[in-house]
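The basis for the numbers below is simple: all heavy atoms, side chains too, and nothing from hydrogens, waters or symmetry mates. Sequence lines set the chain letters: A, B, ... in the order given, protein chains first and strands last, and positions in each chain run from 1.
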Number of protein chains: 2
Amino acid sequence: MTITKAACVGRPRGFDIDLALEQALNVFWRNGYEGTSLNELTEAMGIKKPSLYAAFGNKEQLFFKAIDLYENRPDSLFNIAFQHERVADVIRGLLLGAAAQFTDCSHPQGCALINSTFSCNEASESIKQTVLARKSKHKQRLVDRFELAQNQGELQEGCEPVVLASLMTALFQGLSMQASEGASLDELQKVATMAAEGILTVNVKR
Amino acid sequence: MTITKAACVGRPRGFDIDLALEQALNVFWRNGYEGTSLNELTEAMGIKKPSLYAAFGNKEQLFFKAIDLYENRPDSLFNIAFQHERVADVIRGLLLGAAAQFTDCSHPQGCALINSTFSCNEASESIKQTVLARKSKHKQRLVDRFELAQNQGELQEGCEPVVLASLMTALFQGLSMQASEGASLDELQKVATMAAEGILTVNVKR
DNA sequence: ATAATTTCATACCCATCGGTACAAAATACG
DNA sequence: CGTATTTTGTACCGATGGGTATGAAATTAT
């Protein structure tokens, strides 16, 4: 199912649908799902409400498509860091990459997925569940990578891959929150470095 | 200025004001500020809207009073952990204490202050600022404690107290989010232990 | 040209939001 | 008793939330 097939008959769409989706992502990224109103969306996207509904369905579906766009970026944190061979470099790359990406001023601060958990009261349960499922998918990628490292003898005895993955996730969440609250790149780099040092010293053979 | 002085004339208040405030705290704790509606509040507190407004002012002031109640608890995480003499025990106490307190089922999961940052769009700017100020006050307590440790020669050379405080804060935020998302005590204990081990090994003399 | 089709802008729908007017009810004081 | 004072329940306010009906505008097909 494509986003919305371009019509070859009838009045042509007056806006760039991909660009509009990107603007929508930016608003959700900044304010979360519940914190974003249709008026904010339409204003940022430069279209009126009926156009939004015709092109994207409704607010919920627009959110899902925006998150899809976010996660399928080629320069995703995970995709870059997972290219390293040694797990030590993966861990360093993830933490330092998070610090850099969460404070990149070319887009809202923090991680869009983590920020979206903000303002998600039980009214929008499907949003909450979807975001949680995505996050746990990412966590599973970490677990798999660390289990691989364990099988290759890179981890210290007693280091559980699942726990290590949870700790990394917790650090991402913390870094994301601090970035959203205005922390600088320099600040987060130091935090990420200290965290990586501790994790590597205790859990990874050298 | 007390919460609301008991009137000695006129119709007596028909509910326990302290108990009502505690119920309000629980709702904010679970849903954040924006995520909580007046109807949810009045239902949880067992009173009607005019009673709420007469006793607490408005939603914003009720929130502030609820957060005050939360922070002035005697069994606060910081108050307990800061009783230790050695900074290593403080760090362990903070992380393990966070794991325990954030998953305590006698109240909502996670940290109320951290959860309140969720769903805080720019409409309620004063709420956001207040919560941020409180959080940075707590962070300053960490900085002060770690600077003390540094002066007493407990920290390794090159360990900056500010960075260490930020890292601890990031871990609190991560642990809080994972607790809110349903992580178990056992899970978070393992994460906190691994984090503490890494931090102590690299940053604290033994 | 005209019909078919699609998008657009305006103007509206209903539910919920935080907040309040008002009068009945319940107490203390004279 | 009556009166002043405070709380309580009901019923409401304007603003905003997500979502839509409708007809005009713009294009392709005939």
* Going through the checks in order, is the side chain to side chain contact (heavy atoms under 4.5 Å, CB included) test met by B:Ser116 and B:Ile67? -> CA-CA 9 Å; B:Ser116 296; B:Ile67 291 297; 4.0 Å; yes

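- At a non-hydrogen distance threshold of 4.0 Å, B:Lys48, B:Pro50, B:Ser51 from residues 46-53 of chain B come into contact with DNA chain D.
- Annotation: cation-pi geometry not satisfied between B:Arg141 and B:Phe78 (NZ/CZ under 6.0 angstrom from ring centroid, within 45° of ring axis).
- In this structure, the CZ atom of B:Phe56 is 16 Å from the P atom of C:dG18, given to the nearest Å.
- When rounded to the nearest whole Å, the span between OH of A:Tyr33 and P of D:dG17 equals 14 Å.
- Atom P of nucleotide C:dA15 and atom CG of A:Leu38 are separated by 18 Å, given to the nearest angstrom.
- Rounded to whole angstrom, the span from the CG atom of A:Asn31 across to the P atom of D:dG18 amounts to 12 Å.
- A donor-acceptor distance shorter than 3.5 angstrom exists from the side chain of B:Tyr70 to the backbone of B:Ala112, with no hydrogens or angles considered.
- Comparing B:Pro12 and B:Gly57 by the nucleotide of DNA chain C that holds the closest heavy atom to each, the one mapping nearer the 5' end is B:Gly57.
- Spacing between atom CZ of A:Arg11 and atom P of C:dT7 amounts to 10 Å, rounded to whole angstrom units.
- Ion pairing of B:Asp68 with B:Lys65 is absent here, as no side-chain N (NZ or NE/NH1/NH2) approaches a carboxylate O to less than 4.0 Å.
- The backbone N or O of B:Ser166 sits less than 3.5 Å from a side-chain atom of A:Gln178, completing a donor-acceptor pair.
- Side-chain atoms of A:Thr201 come within 3.5 Å of backbone N or O of A:Glu197 as a donor-acceptor pair.
- Here C:dG18 presents its P atom at 9 Å from CZ of B:Phe28, a figure rounded to the nearest Å.
- Both A:Asn58 and B:Phe15 sit near DNA chain D, but only B:Phe15 has its closest nucleotide nearer the 5' end.
- One interatomic measurement links the two molecules: NZ of A:Lys59 to C1' of C:dT16, which rounds to 13 Å at whole-angstrom precision.
- Nearest nucleotide to the A:Arg13 side chain, out of D:dG17, C:dC8, D:dT5: C:dC8.
- Between A:Leu62 atom CG and D:dG18 atom C1' the separation is 13 Å, expressed in whole Å.
- Distances shown here put a side-chain N or O of A:Asn39 below 4.0 Å from the OP1 or OP2 atom of D:dG17.
- Note that CE of B:Met168 is 9.5 Å distant from CG of B:Leu175, once rounded to the nearest 0.5 Å.
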